[in-house]
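The structure appears right after this line, and notes come after that.
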Amino acid sequence: MSNPDNFDLSLLTFDEFVVFFFDRDIESDEHWACEIPSNWSTAPKPASPAAIVAKMRLLFSHFAAKVSNYSLPQINSGIWAMNMSSIFGPAAVPLGQ
């Protein structure tokens, strides 16, 4: 990723979204450090929060199949990273979308 400060998860394809969260070298203590924007807590909201919700809905609807190529530590790390993401804060996506 060339500029993580301008990174927008909503622009990733579904497969890129899965790879972004789960395809990590867990042996490295810094496997997320290179991806986390320096302005993570104040970063602009993604262009389309609803697109991210759609990707997450698809991911969790078929979770076992979608993450079957990843180790349990990679899966744990990916879910942790999703939980830490500011895009999932209150009112990021209006109910009903």
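On a predicted model such as this, the values are computed, not experimentally measured, just so you know.
Linking Ile, Leu, Val, Met, Phe, Trp and Tyr residues whenever their side-chain heavy atoms come within less than 4.5 Å leaves V53 and L11 in two separate clusters.
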Could you give the side-chain donor-acceptor pairs of residues 13-23 under 3.5 Å, partners two or more places apart or in another chain?
{"from": "T13", "atom 1": "OG1", "to": "E16", "atom 2": "N", "distance (Å)": "3.1"}
{"from": "T13", "atom 1": "OG1", "to": "E16", "atom 2": "OE1", "distance (Å)": "3.4"}
{"from": "E16", "atom 1": "OE1", "to": "T13", "atom 2": "N", "distance (Å)": "2.8"}

Atom pairs and distances, side-chain donor-acceptor, residues 61-70, under 3.5 Å, sequence neighbours left out:
{"from": "S61", "atom 1": "OG", "to": "R57", "atom 2": "O", "distance (Å)": "2.6"}
{"from": "S68", "atom 1": "OG", "to": "A65", "atom 2": "O", "distance (Å)": "3.2"}

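Taken to the nearest 0.5 Å, the CD atom of Q74 stands 8.5 Å off from the CG atom of D25. Atom CD1 in I26 sits 11.0 Å away from atom CG in L72 (nearest 0.5 Å).
When all heavy atoms are compared, the tightest approach of M56 to M82 is CE-SD, 3.9 Å.
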